[in-house]
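Within every chain, numbering begins at 1; the chains are lettered A, B, ... in the order of the sequence lines, protein sequences first and strands thereafter.
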Amino acid sequence: MSSSPNKLLVIDGHSMAFRAFYALPTESFLTDSGQYTNAVHGFTNMLLKLIREELPTHVILAFDLDTPTFRHTSYAEYKGGRAKTPEEFRGQIDLIKQVAEGMNIAVVTSEGYEADDIVATYATKADTAGWETLIVSGDRDTLQLVTERTTLMYPTSGLSKVAMLDPAAVEEKYLVPPLKYPDLAALVGESADNLPGVPKVGPKTAAKWITEYGSTRGIIENADRISGKAGENLREALADVERNLELNLLLRDLDLPVTLEDAELQVPDREVLDPLFDALQFNQIRERLFETFAARFPETVVAPTPTEALPEVTVTEDAEKLSEFLKAHAGAPMAIAVCLDRSGESLTTKPKRDEAARVAEALAVVLVPSASGDLTEAAEAAAEKDNDDDAANPAAEPTGVPALALSLTSLDSAADAVLAEWLGDPAAPKLVHDIKDAGKRLAWRGLHLRGAVEDTLISGYLIQPDRRNFAFTELVTQYLGASTDPASYLGCHDQDDAEASSSQGPDLFSSQDLLTGVTAEDLDAAALHGMLLHQLSQALGEQLVERNGEKLLREMEIPLAEILLQMELTGIAVSPEKLDSLDAEFAAAIEASAQEAYAVVGHEVKLGSPKQLQTVLFEELELPTAGVKKNKTGYSTDVETLQALLIKTQNDFLVHLMNHRDSTKLRQTVTGLMEAVNGDGRIHTTYAQTVAATGRLSSLNPNLQNIPVRTAAGRKIRDAFVVGPGYETLLTADYSQIEMRIMAHLSGDQALIEAFRAGEDLHNFVGSRVFGVEASEITPEQRSKVKAMSYGLAYGLSSFGLSKQLGIGVDEARNLMNEYFERFGGVRDYLREVVTQAKQDGFTSTIFGRRRYLPDLSSENRQLRQMAERAALNAPIQGSAADIIKQAMIGVDSALRAEGLESRLLLQVHDELIFEVAAGERDALEKLVTTHMGSAAELDVPLDVHVGVGSSWHEAAH
DNA sequence: TCTGGAACGTA
DNA sequence: CGTACGTTCCAGAG
């Protein structure tokens with residue numbers, strides 16, 4: 001063991017990145033955005049492994065620059081003849097540097113020098129200081145740096161096998177001690193660097209000479225005395241040898257901007273790493289990284305120092321105490337957490353059944369007032385009075401604000417009433433993380449939550465709509481600093497982790513499942529949660545104001561959350577009989593088409609396995625592969641491909657396969673729905689309010705936003721969604737062509753606006769302009785072309801994409817687009833302007849000011865940039881539509897209540913709302929819905945709403 | 001058992 | 001080489 005506790009890990013970044021690149025297959029590491037990441041993945045993994053196993057105290061990554069080095073200057077052919085860097089490697093070095101930055105690891109480069117020289121400089125410094133050093137490099141030049149304290153880790157094949165070279169190992173393998181390695185290499189030459197050596201002289205001969213004459217210098221001086229062909233060659237190659245010697249020798253005294261001490265290993269920076277790993281789609285690595293660092297820096301996560309004294313939580317069931325507490329803090333925001341108490345512990349392990357009832361029986365509520373001085377006068381007076389009481393003990397430790405924990409399992413009716421009134425009081429301000437989830441739990445317990453002024457989940461979303469994970473602890477870590485990571489000491493580690501990794505949206509057991517009730521630790525955890533909620537709210541609030549999101553939070557998202565909560569609780573009724581019969585019907589269709597398909601090929605195949613299908617289609621049936629799309633696993637077997645093959649070959653297998661696919665997909669949907677039916681005979685989806693980057697909602701468990709509608713068979717499924725008992729009928733209301741209307745409004749294109757104002761059929765109108773004929777003479781074919789283009793424009797469609805979709809030539813598609821833009825120039829100008837403006841601002845905005853940040857608009861990577869440009873085109877349109885229907889839901893909801901109607905909103909499907917109509921309310925509801933949906937936003941074009949009524953979703957769609 | 005890819009449903 | 005989502009199955013990795 002070295003005398004110093006310090007251990008330096010210094011890595012030749014370029015050489016290891018290359019090793020990683022060639023060790024891992026590129027195809028398996030391709031992000032959705034088209035960036036290859038295999039080198040980044042391999043490199044980061046290796047780095048983590050080294051940190052975990054070698055326990056360095058200091059880490060440095062050395063990189064080459066693109067500019068020439070002194071070696072190139074003195075020898076133009078230096079490193080010449082190397083193959084061009086593969087295209088897939090592009091950008092990966094930069095990403096590795098970003099990973100390093102996020103890990104707070106020093107990245108060092110030096111103009112005119114190579115990474116090896118940097119490695120040599122640090123290794124030498126560390127050695128002199130008595131540090132232990134581990135060099136990781138795939139470049140043999142670094143062999144010369146090995147000493148008793150400095151080990152070289154040299155990969156021998158890929159990344160999996162490495163040699164640990166100490167001086168003895170170097171001598172054994174290369175026949176000379178480390179310091180003599182440059183001498184040997186000078187004689188032998190180094191093909192990787194394009195440095196020829198002495199012909200016919202290999203390591204053996206070279207080593208012999210070095211032993212004899214002490215060094216290559218000595219050999220040169222005595223060159224005349226060396227006999228034989230080798231001696232002759234040596235004398236002829238003296239110039240090369242001299243040059244090699246000069247170039248092989250690493251410089252050990254560069255002047256570098258980072259000192260050894262600067263390179264001390266630190267806690268990683270999640271603010272940098274989280275978005276980066278999101279972009280790289282590195283989820284495993286993210287986990288591994290934080291595990292590694294948690295093990296490495298236990299003190300930073302285990303014992304954080306809260307910036308304020310923890311609130312003092314008292315458990316109470318006393319109505320009077322609760323009442324007094326609430327009065328004392330009246331008017332000031334109160335942090336609230338709704339969690340499972342100890343009696344609910346076993347819940348997480350039991351199977352999912354009657355969750356609502358079981359959760360409701362195991363709830364605890366923790367109330368934590370703000371620590372800062374934002375109390376009302378009454379509260380201040382009360383606080384002062386308390387101080388007087390404590391005057392006898394003025395030098396006591398600073399204590400946190402008093403907080404309350406209530407176990408809802410044991411609350412008596414008096415306390416229950418006090419709590420219920422306060423929770424339901426819209427004038428009593430509350431801070432929550434995930435209102436919809438907390439509200440749902442309380443609703444199951446018969447309590448209503450109103451008056452939320454903050455939801456840190458939604459605030460986080462409005463600030464960073466592209467972010468994936470808004471778990472409480474994640475936000476705390478990011479916005480309040482890593483040192484206050486609550487997960488490590490909240491006593492809810494496992495649950496929170498599970499939630500963080502699995503969360504698509506709120507689930508029953510979500511991030512606020514800190515168990516309260518019994519132990520002091522639990523109370524501290526609850527106290528901390530509440531305190532952090534205040535702090536987080538503060539931090540997010542500042543960001544939110546900066547990003548124009550405050551109004552959206554208060555006036556749109558929070559009210560919406562309360563509506564969504566009701567919709568989720570209500571659910572939609574289904575007909576189990578209809579589902580059953582559809583299930584049977586589709587099952588029979590699946591079986592029939594499978595048998596027919598098997599008959600064609602003569603044996604059974606897994607028709608759902610693209611891999612097996614490839615074999616059957618292109619090997620057994622020998623269908624033509626010319627022009628067939630390829631994907632990572634080989635030839636594509638998607639519908640488009642199958643259709644094309646069918647036209648070419650008329651092979652019946654394809655027909656049966658496609659039928660099988662259709663029926664299977666439909667049956668899956670039906671099966672999924674049957675499994676989702678609750679004890680009340682209804683399906684309760686969950687809306688994710690913080691998932692879609694544009695501002696849309698998404699639906700899950702089950703997804704009711706992708707129930708089939710395009711085919712007759714699919715529509716049968718919609719027929720199984722029915723009006724529930726006690727209600728008269730279903731009513732659907734959808735916006736017609738809302739995205740094109742928004743396009744017309746945003747672009748201000750007079751022709752388009754005119755079309756909507758005139759109330760003409762949009763596509764016929766547009767078609768008549770584009771094709772120069774009367775609207776009444778537009779053929780169905782022309783209409784569908786124009787329709788495809790109109791919608792495509794909002795997605796950033798190219799002429800190529802249009803040609804592919806319409807099955808026409810690129811030229812024709814381009815002409816069509818030109819003609820379109822000729823007639824609707826405002827649209828073209830707008831689309832250009834959107835991207836320009838977004839590049840300038842860094843974000844897009846919807847009509848309601850919802851922003852989407854698109855940093856990739858200025859990316860060097862063309863694919864990334866173009867993807868961001870298309871997102872920029874689409875975000876204001878899709879997002880404005882999302883805003884409008886959200887606004888409409890709020891308007892409709894409040895009107896329903898104002899008019900005292902019993903009818904209720906059940907579902908939202910992006911541009912459509914589905915209601916359950918109470919007896920006798922049909923006309924009133926229709927009027928109300930049309931009015932409020934139609935006036936949700938003031939556009940330059942009318943917002944048309946189409947309403948339908950029927951006893952099933954399918955029927956109501958007419 | 002977990003994860004990624006392919007496929008496909010919706011607006 | 002058209003945006004935004006969620007779910008399912010298979011297959012490879014562990």
Side-chain angles (χ1 to χ4, degrees), chain A residues 25 27-32 34 281-284 287 465-466 501-502 504-505 606-614 629-642 657-658 661-662 664-673 675-676 685-688 691-711 713-714 717-718 734-735 737-739 788-806 810 813 844 852 862-863 866-879 881-882 885 907-912:
Chain A
E27 328 82 66
S28 321
F29 297 89
L30 179 63
T31 66
D32 298 339
Q281 299 171 247
F282 281 4
N283 290 319
Q284 261 186 306
E287 292 302 313
D466 280 275
S501 55
S502 75
Q504 291 301 328
K606 276 195 179 171
L607 295 171
S609 163
K611 197 162 179 211
Q612 293 190 28
L613 284 178
Q614 283 164 11
K629 262 194 310 191
K630 284 218 192 180
N631 55 35
K632 276 183 202 171
T633 56
Y635 291 111
S636 167
T637 64
D638 64 13
V639 253
E640 207 184 311
T641 306
L642 299 183
L657 172 59
M658 286 190 276
R661 280 237 178 107
D662 289 344
T664 309
K665 180 79 180 170
L666 291 168
R667 179 158 189 234
Q668 274 166 11
T669 305
V670 171
T671 315
L673 292 175
E675 283 166 4
T685 187
T686 302
Y687 289 101
V691 167
T694 51
R696 274 191 177 179
L697 298 176
S698 75
S699 157
L700 61 153
N701 296 323
N703 182 354
L704 295 187
Q705 289 178 326
N706 71 342
I707 301 302
V709 72
R710 293 186 220 255
T711 64
I717 299 179
R718 291 200 170 210
D734 62 272
Y735 283 116
Q737 293 150 338
I738 188 167
E739 296 201 340
M789 182 152 51
S790 286
Y791 281 105
L793 287 178
Y795 302 146
L797 186 69
S798 64
S799 50
F800 179 89
L802 185 64
S803 75
K804 213 176 64 164
Q805 194 197 319
L806 296 178
V810 181
T844 60
R852 178 171 182 188
R862 198 169 58 98
Q863 197 180 347
Q866 291 183 338
M867 211 176 263
E869 286 171 0
R870 292 192 295 269
L873 287 178
N874 179 250
I877 297 171
Q878 190 183 115
I885 198 164
L907 301 178
Q908 188 250 45
V909 190
H910 307 307
D911 66 356
E912 174 185 17

Counting any heavy atom closer than 4.0 Å, what does [X] reach on the DNA or RNA strands: base, sugar-phosphate only, or nothing?
X        : answer
A/Thr669 : nothing
A/Ile877 : nothing
A/Gly608 : sugar-phosphate
A/Ser799 : nothing
A/Thr664 : nothing
A/Ala693 : sugar-phosphate

Check every atom of [options] against the side chain of [X] and return the nucleotide holding the closest atom.
X        : options              : value
A/Arg870 : C/dA11, C/dT7, C/dG2 : C/dG2
A/Tyr791 : C/dA11, C/dG2, C/dT3 : C/dG2
A/Arg852 : C/dT8, C/dA4, C/dC10 : C/dA4

Side-chain contact, heavy-atom cut-off 4.5 Å: A/Tyr735 with A/His910? no
N/O to N/O distances under 3.5 Å, protein versus nucleotides 12-14 of chain C:
{"unit_1": "C/dG12", "atom_1": "OP1", "unit_2": "A/Lys611", "atom_2": "NZ", "d": "2.6"}

Phosphate OP1/OP2 of C/dG6 contacted by A/Ser698 side-chain N/O (<4.0 Å): yes
Tell me whether the side-chain N/O atoms of A/Asn701 come closer than 4.0 Å to OP1 or OP2 in C/dT7. yes
Exam field: side chain [X] to backbone [Y], donor-acceptor pair closer than 3.5 Å:
X        : Y        : value
A/Ser803 : A/Ala813 : no
A/Thr685 : A/Leu700 : yes
A/Arg718 : A/Pro708 : yes

Please report the distance, rounded to the nearest Å, between [atom1] in [X] and [atom2] in [N].
X        : N      : atom1 : atom2 : result
A/Ile717 : C/dT7  : CD1   : C1'   : 13 Å
A/Gln866 : C/dT3  : CD    : C1'   : 15 Å
A/Gln612 : C/dA11 : CD    : C1'   : 10 Å
A/Met867 : C/dT3  : CE    : P     : 7 Å
A/Lys665 : C/dT7  : NZ    : C1'   : 6 Å
A/Gln863 : C/dG2  : CD    : P     : 11 Å
A/Arg661 : C/dT7  : CZ    : C1'   : 16 Å
A/Met789 : C/dT3  : CE    : P     : 18 Å

Under the ring-ring contact (aromatic ring centres under 6.0 Å, His included) test, residues paired with A/Tyr635 that sit two or more places apart: A/Phe618
Mind checking what makes side chain to side chain donor-acceptor pair (under 3.5 Å) contact with A/Asp662, not counting sequence neighbours? none
Determine the minimum heavy-atom distance between A/Thr694 and A/Asn874, stating which atoms define it. CG2-OD1, 4.4 Å
Determine the minimum heavy-atom distance between A/Leu642 and A/Leu657, stating which atoms define it. CD1-CD2, 3.6 Å
May I have all residue pairs that pass salt bridge (Lys or Arg N to Asp or Glu O under 4.0 Å) and include part of residues 694-707 of chain A, sequence neighbours excluded? A/Arg696-A/Glu739
Please determine whether any donor N or O and acceptor N or O are separated by less than 3.5 Å between the side chain of A/Gln878 and the base of C/dT3. yes
Going 5' to 3' along DNA chain B, between which two nucleotides do contacts with chain A fall, using a heavy-atom cut-off of 4.0 Å? B/dG5 to B/dA11
Salt bridge (Lys or Arg N to Asp or Glu O under 4.0 Å) partners of A/Glu912, counting only residues at least two apart: none
